[in-house]
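Computed over heavy atoms, backbone and side chain alike; hydrogens, waters and symmetry mates excluded.
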Amino acid sequence: MTEEVRQKLIDRVKRNPYVNHLQIEFTKVEDGIIEARMPLFEEQRQYSGVIHGGILAAVADTVAGFAAYTMTPPDKDVLTAELNVSFLRAAWGKELIAKAKVIKPGQTIHFSECEIYCDEKMVSKSSGTFCVVRKQVD
């Protein structure tokens, strides 16, 4: 991936209002590999004080989907067809670190995995199937 293509991908994702709302920062962007960090806030905690599972699922979907997007032709988009999240332990810390990679790219479907860490401990492992579709917006 050229630096120009890499920057265009990052710029497009940064225009996504939900990614901005979550405050996800991409720290590594390569073909089929994405790493990101996201700060945690009190509003994301559920009744027992741990980070809500929906937050972990949203981060996994975003980061694994972006990994799939890096393997997609520029005139196409990706949409989540299926997301499986295994919650391994409670997340209590100040930020999440997500690491995603494309396991199997394809012309019409990509399969990605994502691991999420909090305080250097894996808190979830996810897999997702992403459909390659015609571009939805520019």
Side-chain angles (χ1 to χ4, degrees):
M1 165 184 322
T2 67
E3 183 56 33
E4 181 182 357
V5 169
R6 179 184 174 280
Q7 195 57 52
K8 282 183 181 179
L9 291 172
I10 291 171
D11 290 345
R12 181 151 188 248
V13 172
K14 283 184 176 180
R15 290 192 306 266
N16 181 298
Y18 193 61
V19 172
N20 288 328
H21 173 73
L22 293 174
Q23 298 183 30
I24 295 173
E25 174 192 353
F26 297 98
T27 57
K28 183 176 187 178
V29 178
E30 296 177 4
D31 288 329
I33 299 173
I34 297 294
E35 292 184 10
R37 61 184 348 118
M38 188 190 92
L40 295 172
F41 301 98
E42 287 300 314
E43 298 83 11
Q44 297 165 327
R45 298 186 186 281
Q46 47 102 310
Y47 58 89
S48 67
V50 302
I51 298 304
H52 192 282
I55 297 296
L56 296 173
V59 173
D61 185 35
T62 300
V63 177
F66 190 34
Y69 187 60
T70 67
M71 304 296 290
T72 304
D75 63 328
K76 302 286 184 180
D77 267 331
V78 295
L79 295 175
T80 307
E82 181 266 340
L83 183 69
N84 179 20
V85 183
S86 294
F87 301 103
L88 306 176
R89 65 171 25 109
W92 297 87
K94 300 288 184 199
E95 78 172 352
L96 299 176
I97 303 294
K99 299 178 181 185
K101 65 179 176 177
V102 175
I103 303 301
K104 170 67 174 74
Q107 289 185 327
T108 58
I109 292 177
H110 301 310
F111 183 79
S112 302
E113 290 183 343
C114 182
E115 295 176 348
I116 298 178
Y117 298 83
C118 189
D119 293 337
E120 300 181 17
K121 295 178 182 168
M122 190 186 309
V123 295
S124 73
K125 174 100 177 184
S126 307
S127 63
T129 305
F130 300 89
C131 293
V132 178
V133 298
R134 67 180 166 78
K135 194 171 276 294
Q136 305 296 302
V137 293
D138 285 326

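Looking at heavy atoms from C-beta onward, L40 lies out of side-chain contact with K94 at the 4.5 angstrom threshold. Inter-residue side-chain proximity for F41 and I55 is flagged as unmet; no heavy-atom pair is nearer than 4.5 Å. For the pair C118 and W92, the minimum side-chain heavy-atom distance is 4.5 Å or more. Contact check for I34 versus V29: side-chain heavy atoms found under the 4.5 Å cut-off. For the pair D77/T72, no side-chain contact is recorded, criterion being any heavy-atom separation below 4.5 Å from C-beta on.
Atom-to-atom distance recorded for N16:CG and D11:CG is 13.0 Å, nearest 0.5 angstrom. The OG1 atom of T70 lies 11.0 Å from the CD1 atom of I10; values are rounded to the nearest 0.5 Å. Here CD of E82 is found 10.5 Å from CG of D61. Values are rounded to the nearest 0.5 Å. The CD1 atom of I116 sits 8.5 Å away from the CZ atom of F87 when rounded to the nearest 0.5 Å. Here the CZ atom belonging to F130 is positioned 11.5 Å from the CD1 atom belonging to I109, to the nearest 0.5 angstrom. From N84, atom CG reaches atom OG of S127 across 4.5 Å, with rounding to the nearest 0.5 Å.
Linking ILVMFWY residues whenever their side-chain heavy atoms come closer than 4.5 Å, directly or via other members, places V85 and I51 in the same cluster. In the hydrophobic cluster analysis, where Ile, Leu, Val, Met, Phe, Trp and Tyr join through side-chain heavy atoms closer than 4.5 angstrom, Y18 is grouped apart from L79. V63 and V19 fall within a single hydrophobic cluster, where Ile, Leu, Val, Met, Phe, Trp and Tyr side chains are chained together by heavy-atom contacts under 4.5 Å.
With sequence neighbours excluded, no residue forms a ring-ring contact (aromatic ring centres under 6.0 Å, His included) with Y69. With sequence neighbours left out, the side-chain hydrogen bond (donor to acceptor under 3.5 Å, both in side chains) criterion links E25 to no other residue. Taking the side-chain contact (heavy atoms from CB on, under 4.5 Å) definition, one finds that K125 meets it with L88, E113, E115, M122, sequence neighbours left out.
A side-chain contact (heavy atoms from CB on, under 4.5 Å) with E95 is found for exactly one of R37, Q23, M38, namely R37.
Distance alone, capped at 3.5 Å, is enough to place a donor-acceptor pair between the T27 side chain and the E35 backbone. With hydrogens and angles ignored, the 3.5 Å screen pairs no side-chain donor or acceptor of Q7 with any backbone N or O of E4. Without hydrogens or angle criteria, K121 side chain to A90 main chain gives no donor-acceptor distance under 3.5 Å.
The local environment of CD in E120 is sparse, with at most 12 non-hydrogen atoms from other residues, nucleotides or ligands closer than 6.0 Å.
For V102 against P105, the heavy-atom pair with the smallest separation is CG1-N, 3.6 Å. Annotation for C114 and A98: closest pair SG-CB, 4.1 Å, computed over non-hydrogen atoms. Looking at every heavy atom in both residues, G49 comes nearest to R45 through O-NH1, 2.9 Å. Shown here for Q107 and V132, the closest heavy-atom pair between the two residues is O-CB, 3.5 Å. Smallest separation of non-hydrogen atoms from P39 and L22: CD-O, 4.3 Å. Between S126 and L83 the shortest heavy-atom distance is CB-CD1, 4.5 Å.
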